[in-house]
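Please read these numbers as outputs of a predicted model, since none were measured by experiment.
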Protein chains: 2
Amino acid sequence: MTTTPDLRTAVGPRGRPQGPDPALARRQSGARAVYELLRGHIIDGTLVPGERLTEPVLAGRLGVSRTPVREALRLLQAEALVVELPTGGVRVAPLDVADARRVYEVRARLEGLLARDACERAWPDDVARLARLVTLMDAVRDHEDEVLRIGAQFHGEIEALADNRWCSALLRQIRGHVDRYRALAARGRVGTTDHVDEHRAVADAVARGDAVAAEAAMITHIDRSAALADQALRAPTDPAVTPTTGAAPTDAATTDES
Amino acid sequence: MTTTPDLRTAVGPRGRPQGPDPALARRQSGARAVYELLRGHIIDGTLVPGERLTEPVLAGRLGVSRTPVREALRLLQAEALVVELPTGGVRVAPLDVADARRVYEVRARLEGLLARDACERAWPDDVARLARLVTLMDAVRDHEDEVLRIGAQFHGEIEALADNRWCSALLRQIRGHVDRYRALAARGRVGTTDHVDEHRAVADAVARGDAVAAEAAMITHIDRSAALADQALRAPTDPAVTPTTGAAPTDAATTDES
DNA sequence: TCGCCCACACCTGTATACAAGTGCGCAGTC
DNA sequence: GACTGCGCACTTGTATACAGGTGTGGGCGA
């Protein structure tokens, strides 16, 4: 591991060639790119939990100066993907399987709140779109990957409907950690039993405009996912660090055994 | 406004004289101190919502270089207390009274989860301590300040019991925003009706070990506080920026109309 | 052979220097 | 008088230089 690719080959010297928004392109440069890269590597396990990250080494490896590296590390620290050492400096946040449950609990509440908010803002065509996703999911219920993909869409739809930036911002942080634990477990082997029904329960509640039920259904759904994930994390292999080679999800709507 | 005191007079040239933990003292230096200072000023309204914050100006005013200022701004940005401008740079996050409700909603769920977790970890003496706080609160129920102070203690106790670092970390971020809205409203004039009973409901649920009830009671409690805060924010004065001169709360357990 | 002490190498934190992009203002012109 | 074009000043982002502190490893002495 720790074979972090050169940043220049990863994002180019000055952002992507086709930046739709110049301001975004500007933000994509340097520090932001380092942040995204490191974040992905922490999530997918390329950077091993507990590993010390030193600024000069990262800077040299990525072909940039310490300044953007430092900034990226601060962002990762704010997100708790790296933890500070008593003497200064940081290391990759350790993975504690027992903590996975906690992460899921928080995620469940935040997504539950999103479902509640979505209830109050959903228009008929939104409801129809959700229902369509559930139908779609039902149609492919034996293909786990497809179920997961549609599930991600479903959650993304709910989040968009809720339009709650506070929830979304916090959720994004939590999602990074959720994705870490998912990468740790054997990919895909989390089971999707009852996924269709659980999503349908949420969709139905939203359709009825029943905010309380929607929130409860979402929490139940994610709690069950948490139980599956917990099982997958404890059962298969030793609890030691087991980085997978799976793709590195980096942003919203990627988290999904949901 | 914008009469930010010199950082050197605020924290001294190299941390406080009596740092109990040298590592902490080290972190307290420079960037961290700038962060805390700016955070406090944003929360208490000294830094006006929407105000542009430029690195050279802040650096000069605080007597440090741009480097620690920059780092502090990044932390504040991660916390959404400042927002980035399209052209780069940041401004103090605008205050939207309609958004206060959203912030409280999130806080309610997080604290609700803390209450739930506290249930599963509370020992008899913990339960007794919570009950004592409720009794104390009841005894001073006519003194709003005292009620708020004890309320803060109560919430701190729950948080400590829950021992859920994920929740606590997210809650800290949310609390900064809650405190901002509280500073915007007339201090103390939020009303504390039924505070005692609401806290008692939480304490009783914890005593019974009824996690579901504890979570629900906490959510109800904070939702009611939210309604009071919302009322205070909309009613008294114009919705324009109205910084108060009240003390600047800077960390956990300071948030309380709870 | 074990323990202690010193010195080095390293790393963080801060300051300063440099380059590039952007917005604003002023002057000139129609 | 209004519009347009140019130029300046400012700001951010990055790189580099410098100082302070810490941990480690080797050497020396008991």
Side-chain angles (χ1 to χ4, degrees), chain A residues 2 6-8 10-16 19 21-38 50-78 82-92, chain B residues 2 6-8 10-17 19 21-38 51-78 82-92:
Chain A
T2 319
D6 191 310
L7 186 62
R8 287 166 298 200
V11 296
R14 201 64 170 164
R16 289 70 174 271
D21 180 5
L24 182 67
R26 182 174 189 168
R27 286 209 54 72
Q28 275 299 44
S29 304
R32 196 70 183 188
V34 173
Y35 162 76
E36 299 285 357
L37 192 71
L38 292 180
E51 179 178 355
R52 175 98 188 260
L53 298 180
T54 58
E55 296 167 9
V57 172
L58 288 175
R61 196 179 294 159
L62 299 176
V64 295
S65 78
R66 277 181 55 210
T67 310
V69 170
R70 192 179 173 74
E71 190 166 317
L73 289 180
R74 289 309 189 205
L75 292 176
L76 291 169
Q77 188 177 335
V82 303
V83 296
E84 58 178 339
L85 295 165
T87 63
V90 299
R91 61 175 185 173
V92 178
Chain B
T2 320
D6 192 309
L7 186 62
R8 287 166 297 200
V11 296
R14 202 64 171 163
R16 288 70 174 267
D21 179 5
L24 183 67
R26 182 173 189 168
R27 286 210 54 73
Q28 276 298 42
S29 305
R32 196 73 184 185
V34 172
Y35 162 75
E36 299 285 357
L37 191 71
L38 292 179
E51 179 177 354
R52 174 98 187 258
L53 299 179
T54 58
E55 296 167 9
V57 172
L58 288 175
R61 195 180 294 158
L62 299 176
V64 294
S65 79
R66 275 180 57 208
T67 310
V69 170
R70 191 177 173 76
E71 191 165 318
L73 289 180
R74 289 308 189 204
L75 292 176
L76 292 169
Q77 187 177 334
V82 304
V83 295
E84 57 177 337
L85 295 165
T87 63
V90 300
R91 60 174 186 174
V92 178

Sorted by position of nearest nucleotide on DNA chain D, 5' first, the leading residue of B:T67 and B:V57 is B:V57
Give one of base, sugar-phosphate or nothing for B:L53, where a contact means two heavy atoms less than 4.0 Å apart. sugar-phosphate
Looking at A:R70, does any N or O in its side chain come under 4.0 Å of the phosphate oxygens OP1/OP2 on D:dA15? no
Length of the CD-C1' vector between B:E71 and D:dT14, whole Å: 15 Å
Taking salt bridge (charged side-chain N to carboxylate O under 4.0 Å, His left out) as the test, write out the residues that go with A:R91, two or more places apart. none
Expressed as a whole number of angstroms, how long is the span from A:L58:CG to C:dC10:P? 16 Å
OP1 or OP2 of C:dA15 versus the side-chain N and O atoms of B:S65: is any pair under 4.0 Å? yes
Euclidean distance, atom CG of residue A:L85 to atom C1' of C:dG13 [Å, nearest integer]: 15 Å
Counting only side-chain N and O atoms of A:R66, is one of them less than 4.0 Å from OP1 or OP2 of D:dT14? no
Separation between CD of A:E71 and CD of A:E55, rounded to the nearest 0.5 Å: 11.5 Å
My understanding is that only residues two or more places apart in sequence, or in another chain, count here; which of them pass side chain to side chain contact (heavy atoms under 4.5 Å, CB included) with B:T67? B:S65
Tell me the closest heavy-atom pair linking A:L75 and A:R32, and the distance in Å. CD1-NH1, 4.4 Å
